[in-house]
Enquirer: 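I have a structure I would like to understand better, so I am pasting it below and will then ask my questions one at a time.
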Amino acid sequence: MTPDISPADPALASDMVGSWTASSVRVRLACIPDIGRTEPTLEHAPVLEHVRVAADHVLTTLDAPTMASRAEPGQFAMLTVARGGEDSPVLPRPMALYDWDAATGRVDFLYRVFGDGTARMAAWPVGELMTAVGPLGRPFSLAETTASLLLLGRGIGICSLTALAARARARGVAVHAIVSARRPDAIVATDFLERIGATVWPVVDTDGSSDVERLRARLDAQLRDRAVDQVAVCGSERLLRLAAQVGRRLDARVEVSLEARMACGLGYCHGCSTGEKGLASEAPLVCKDGPVFLARAEAIGKAQ
Amino acid sequence: MSTQNAPRRHDYGPDLRVALGPLGLDNPVMPASGCFGPELGSLFDLNRLGAMVTKTIFFGARSGNPAHRLAETPGGMLNSVGIPSRGVDAFVEQILPEYRRWQTPTIVSLGGLSVEEYWDLADRLRGVPGIAALELNVSCPNLEAGGIEMGASPAQVEAVVRGVVDRSTVPVISKLTPNVTSIAEIARASEAGGATAITAVNTLVGMAVDLDTRAPVIGNMVGGLSGPAIKPIALRMVWEVRKAVSIPVIGCGGIARACDALEFLVVGATVVQVGTATFTRPDAMLGVIDGIADYVRDRGLESIRDLIGTLRTDRGAAETAPELTLAASTGHPAQPAPSRSVQR
Ligand SMILES: Cc1cc2nc3c(=O)[nH]c(=O)nc-3n(C[C@H](O)[C@H](O)[C@H](O)COP(=O)(O)OP(=O)(O)OC[C@H]3O[C@@H](n4cnc5c(N)ncnc54)[C@H](O)[C@@H]3O)c2cc1C
Ligand SMILES: Cc1cc2nc3c(=O)[nH]c(=O)nc-3n(C[C@H](O)[C@H](O)[C@H](O)COP(=O)(O)O)c2cc1C
Ligand code: FES
């Protein structure tokens, strides 16, 4: 069940978890109410297949029926990258649930082969079991009243947004997705998004189209008459600021999925603190209090 | 021995019961502090554990260290979480009740930034139901003594332990830091202070540098090294502590499989703690317990207690000792055998 929260929910007002300040705008993050989380499970899941989807990107499918039956958009899994006879690498890798099918038990992860752990995942023999824990974390919310959803994903950040897009499309919500990457060969998930009927805008650094000011102008032009009720963003602080400003202008709810180094993914190791300083007690944890947080732009000094 | 009366929550077949003074345990496997939480109860049955150990708590609320708090290293990891704590009252009211959902004895880990903070915690926790023992994490800086780690000073360790023992009705375990010249000396100070048992060891201080930024990877500059990489050091220190004191020793450091745990038992640990391996595989402790049970059965031992402290250091041991090749069931990776993941 995806939580249905009205943007005016007073419970969201407090509980500040972080803030980014840029020129005239400060983005404040707050925890969303803990109502959409599902019970995680541990599965020894066979790897079903790997598909290379872009230059450095692989889609790996696990047979993890319990996780598939409980997953919600925005949740993630912790995948053990040490194989059966090995005790290291010691840390499992956090990976967003890209897509799944509760009927068949299939769960997909799309990732960039980056370091040792993701290289091991991509090379995992098909049929061999992988220890997988999930679904973890608080999911994105999708209000019943939402008619139009804007997604902003940078790099592999888009992988945290695909399931939300699918959920929204299944409810008939219009979905516009900005998929930003450094180079054209690092653009992923656009086929998935197009297939489910989202409007996709791929943008890249190499031709300048991913420039945030250009995106802002383009969004201003395109969204003038088309209201957006909800914005979801992942993978870039600059896109987060842009999302928060768009949300403020259109009075839309903005949620962001954050990343952090993780060891347990469950909330007991305290390794993934959002790190907000000056709090009397501990700052929220990305794995347990997130990874999805509510974002709000606030003008400081002159109006934005 | 008191373990004879301990209720058995789970039938392992072989007799795996051990005791830390008056505290009887169903089996010798428990988590290491900070590497466990009741959250794991949704992944496996926590009643199967010998005991549960809480993350270290402080008297007041603490916020912990800046990001990054974690870094992976070859065969291990660095952490400098900085022990965030909601304070003892929140612990008693909100966290401890979570642990009480299981019958497994709960050991509460205490920290302090002064000798008195440990004593105040002991006062506050005296008589609180659901606490089977206290473990004193003395790897904390003493802010009243120039910030030097309390665990490096035999006199301070003895004072901390004695004060807590005087204020408690439950067994007190002293958990030692490996970052000292003579761990035997600190162990003896713990015993003199009245500790029921000693845990060895906490993490080794380490560092990692990001070559892109030339900044330390860890937000706190340095962090504690844990995982398989520290096992040989931890094993050596447990052996040294075993020789220095007569109270039970809890071995900790790099234990991921039954074969690791059995090595600690042979050098003299009565109990083992599993830390980092639970991150790698949340059900790692179950593999350790099952592998120990298999070993006891396969070797025809009457109980696991017959193995503890049986290290052979005499010349010619190699010729006269019984066959030392561990059974595959202990999880010993004789050769990298990835397909064995099926059995985990
Ligand atoms: C909630 C969440 C969801 C994620 N979803 C995806 C996804 O769908 N697709 C994808 O490609 N990536 C995703 N990531 C990032 C992914 O976890 C890292 O890219 C990955 O851990 C890198 O591992 P490595 O072994 O290849 O790199 P290494 O550099 O070898 O990793 C070393 C250590 O640093 C950690 N680390 C390195 N980069 C990151 C990072 N960006 N975030 C968190 N930890 C990191 C690793 O987990 C590991 O512990 C997600 C991260 C989080 C927190
Ligand atoms: C993330 C993390 C947090 C830890 N927190 C604590 C703690 O709160 N108190 C404590 O006494 N030890 C703490 N430790 C140390 C462990 O309990 C253990 O002594 C150490 O990690 C060595 O064991 P291992 O190699 O099995 O992990 C922590 C270790 C890690 C990795
Ligand atoms: S990763 Fe352990 S608390 Fe978040």
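FYI, side chains are in, hydrogens and waters are out, and symmetry mates aren't considered; it's all heavy atoms of this structure.
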Enquirer: Flag the pair Asp116(A) and Arg93(A) as a salt bridge only when some basic side-chain nitrogen lies within less than 4.0 angstrom of an acidic carboxylate oxygen.
Expert: no

Enquirer: How far does NE2 of His44(A) sit from CG of Leu42(A), to the nearest 0.5 angstrom?
Expert: 5.0 Å

Enquirer: Sort out for me which of Gly227(B), Pro228(B), Cys35(B) touches chain A most, counting heavy-atom pairs under 4.5 Å.
Expert: Cys35(B)

Enquirer: Between Asn137(B) and Ser109(B), do the side chains contain a donor N or O and an acceptor N or O under 3.5 Å apart?
Expert: no

Enquirer: In terms of side-chain heavy atoms, does Thr206(A) have a donor or acceptor partner in Arg183(A) at a distance below 3.5 Å?
Expert: no

Enquirer: Ion pair present between Arg86(B) and Glu93(B), side-chain N to carboxylate O less than 4.0 angstrom?
Expert: no

Enquirer: Answer with side chain, backbone, both or neither: which region of Met262(A) has an atom nearer than 4.5 Å to a non-hydrogen atom of chain B?
Expert: backbone

Enquirer: Among Gly37(B), Gly34(B), Pro38(B), Ser42(B), which residue has the highest count of heavy-atom pairs closer than 4.5 Å to chain A?
Expert: Ser42(B)

Enquirer: Gly127(A), Gly265(A), Gly117(A), Pro89(A): which one forms the most heavy-atom pairs within less than 4.5 Å of chain B?
Expert: Pro89(A)

Enquirer: Specify which of Thr276(B), Val81(B), Thr278(B) makes the most heavy-atom pairs with chain A at under 4.5 Å.
Expert: Val81(B)

Enquirer: Where on Phe36(B) is there a heavy atom nearer than 4.5 Å to chain A: the side chain, the backbone, both, or neither?
Expert: backbone

Enquirer: Mind ranking Ala277(B), Gly76(B), Gly254(B), Ser80(B) by heavy-atom pairs under 4.5 Å with chain A and telling me who comes out on top?
Expert: Gly76(B)

Enquirer: Just give me the residue among Ala263(A), Ser88(A), Cys269(A) that pairs up with chain B most often, heavy atom to heavy atom, under 4.5 Å.
Expert: Ala263(A)

Enquirer: Could you look at Ser226(B) and say if it's the side chain, the backbone, both or neither that has a heavy atom under 4.5 Å from chain A?
Expert: neither

Enquirer: Just by distance, do the side chain of Thr38(A) and the backbone of Arg70(A) share a donor-acceptor pair under 3.5 Å?
Expert: yes

Enquirer: Is chain A contacted by the side chain of Ala229(B), its backbone, both, or neither, given a heavy-atom distance below 4.5 Å?
Expert: neither

Enquirer: Are any side-chain N or O atoms of Glu43(A) and backbone N or O atoms of Thr66(A), one a donor and one an acceptor, separated by less than 3.5 Å?
Expert: yes

